[in-house]
Amino acid sequence: MNRRGFLCAAGAVAAGALAAGCGDGGPPTVRLAAGEVGGFYHAFATQLAATAAEAGTVHIEPVSTSGSFANLAMLDRGAADAALALADSIEADPGIDRLYALGRVYENYIQLVVRESSTVRTAADLRGTRVSLGAPGSGATFTGERLLRAAGLDPASDVSVTHLPLQGAVTTLTDGVIDALLWAGGVPTPIFDIPHTLRLIDLGDLAQPMRDRFGYLYDRVVIPADAYPGTPAVRTIGVANLLVTTRTLPADAAAALTELLITRADRLVPSEAAGTQFLDARSLIGTDGLALHPGAATVYRRRHG
């Protein structure tokens, strides 16, 4: 599902969103399209909002969504002023020419999860199984289909694909209604009770096939041992996550957001995170070819030349 196809579904959320701008001479307000409650998009957006409130330079209103394509759809409708999105979702979006980056905030880790008792050991073993590839409108849906193809599977015929919100997917997996779920997010994702009932699948061997077939946006990364207590290290695939906006975001709001990313990076890591995948002031401008918003570019130039 691309951004255009998700517009109707995003309408209900968009209708309740407030217009961005300044109120009573106060700091600019930015509606930030985030992700599902329980995921790291939402956790990051919440912490960014709290940090912004302390700084007093910009007011951020996080909006819960189902993920990357939903967020980009909200930007397209003017129902959000900024959004979090996976780099491959952005690259595939037909409205990419309207998008500007504020920064590369962290790496999303693709996590393929099965029950502990499952016979599935590799992605190729998913043939004939029931798999949730993220919620409708999520970047996990897009990346997950690419992952299946890199593993030699046709998402339309070799697996039975469903699209469930994260909480529902975990419940149905645990209950045996589905056989696997794929999630793109931070490590650890608190909603997973992996040590007792679930198991992560190693995806490291698919990183190069994905790069060969779909481009350079996919990195081989490692989920550290004990990131989920009691689990071994597991290789997987990382995809950059960008904070994006459009030219309609006022320069002062873009600059204020960028200052927060640069100066308060250590405040923007959810406390439960393993930490290795999160934003670094040195890598913020690595936006995978997406142009910086002029307000953001001004801040980076002032600070780094």
Side-chain angles (χ1 to χ4, degrees), residues 32-51 60 62 64-68 70-71 82-90 102-113 132-135 138-144 147 165-167 169-170 181-195 198-204 207 217-229 231 233-244 260-261 264-281 283-284 286 288:
L32 174 57
E36 297 179 71
V37 175
F40 271 41
Y41 272 20
H42 193 272
F44 176 81
T46 300
Q47 291 199 215
L48 184 62
T51 303
I60 298 173
S64 299
T65 73
S66 57
S68 292
N71 296 348
L84 294 161
L86 289 170
D88 58 347
S89 297
I90 293 168
L102 297 174
R104 176 189 183 124
V105 290
Y106 63 89
E107 191 95 345
N108 266 16
Y109 284 29
I110 305 304
Q111 297 167 71
L112 180 62
V113 186
S132 175
L133 290 186
S138 70
T141 294
F142 181 77
T143 309
L147 180 83
L166 181 59
Q167 178 66 72
V170 172
L181 72 85
L182 184 135
W183 165 251
V187 175
T189 297
I191 203 168
F192 293 149
D193 188 18
I194 285 179
L198 305 177
R199 173 167 48 84
L200 286 165
I201 299 298
D202 192 299
L203 302 173
L217 296 176
Y218 302 103
D219 301 313
R220 182 183 288 114
V221 295
V222 176
I223 297 175
D226 294 319
Y228 295 97
T231 60
V234 175
R235 300 173 306 159
T236 190
I237 295 164
V239 186
N241 185 68
L242 308 182
L243 180 58
V244 299
L260 290 176
L261 297 178
R264 307 202 180 194
D266 59 334
R267 303 287 300 277
L268 301 176
V269 181
S271 59
E272 67 272 14
T276 56
Q277 74 272 24
F278 275 85
L279 82 165
D280 185 316
S283 62
L284 280 167
D288 291 318

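We count residues from 1, following the sequence as given.
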Under 3.5 Å: donor-acceptor pair, side chain of Ser64, backbone of Glu36: no
Nearest 0.5 Å, please: how far is CG in Leu182 from OG1 in Thr141? 8.5 Å
Does the Thr236 side chain pair with the main chain of Leu203, one donor and one acceptor, at a distance under 3.5 Å? no
Given the rule in the side chain to side chain contact (heavy atoms under 4.5 Å, CB included) test, do Leu32 and Leu243 qualify, once you have shown the distances and angles that lead to the verdict? CA-CA 9 Å; Leu32 174 57; Leu243 180 58; 3.6 Å; yes
Distance (rounded to the nearest 0.5 Å) between Ile201 CD1 and Leu112 CG: 5.5 Å
Side-chain touch Tyr228/Val187, heavy atoms, less than 4.5 angstrom: yes
Would you find a donor on one side and an acceptor on the other, under 3.5 Å apart, between the side chain of Gln111 and the backbone of Leu200? no
Got a second to check how far Thr189's OG1 is from Leu166's CG, nearest 0.5 Å? 7.0 Å
Nearest atoms (heavy-atom pairs only) where Ile110 meets Ala184: CD1-CB, 3.7 Å
Main-chain N/O of Val221 paired with Asp219 side-chain donor or acceptor, under 3.5 Å: no
For Leu84 against Ala34, the heavy-atom pair lying closest together: CD1-CA, 4.4 Å
How long is the span from the CG atom in Asn108 to the CG atom in Leu86, to the nearest 0.5 Å? 4.5 Å
Flag side-chain contact, heavy atom, 4.5 Å: Phe142 against Asp88: yes
Which atom names give the shortest non-hydrogen contact between Asn71 and Ala83, and what distance separates them? CB-CB, 3.7 Å
Heavy-atom check, side chain of Leu284 versus side chain of Arg104, under 4.5 Å: no
Shortest non-hydrogen contact between Ala49 and Pro62, atoms and distance: CB-CG, 3.8 Å
With a 3.5 Å cut-off and no angle check, do the side chains of Ser68 and Tyr41 form a donor-acceptor pair? yes
Look at the side chain of Asp202 and the backbone N and O of Arg235, then say whether any donor-acceptor pair between them is shorter than 3.5 Å. yes
Quick check for you: to the nearest 0.5 Å, what is the distance between Tyr109 atom OH and Asn241 atom CG? 12.5 Å
Between Ser66 and Ser138, the two heavy atoms sitting closest are O-CB, 3.2 Å
Let me confirm one number: the OG1-CG distance from Thr46 to Leu268, rounded to the nearest 0.5 Å. 11.5 Å
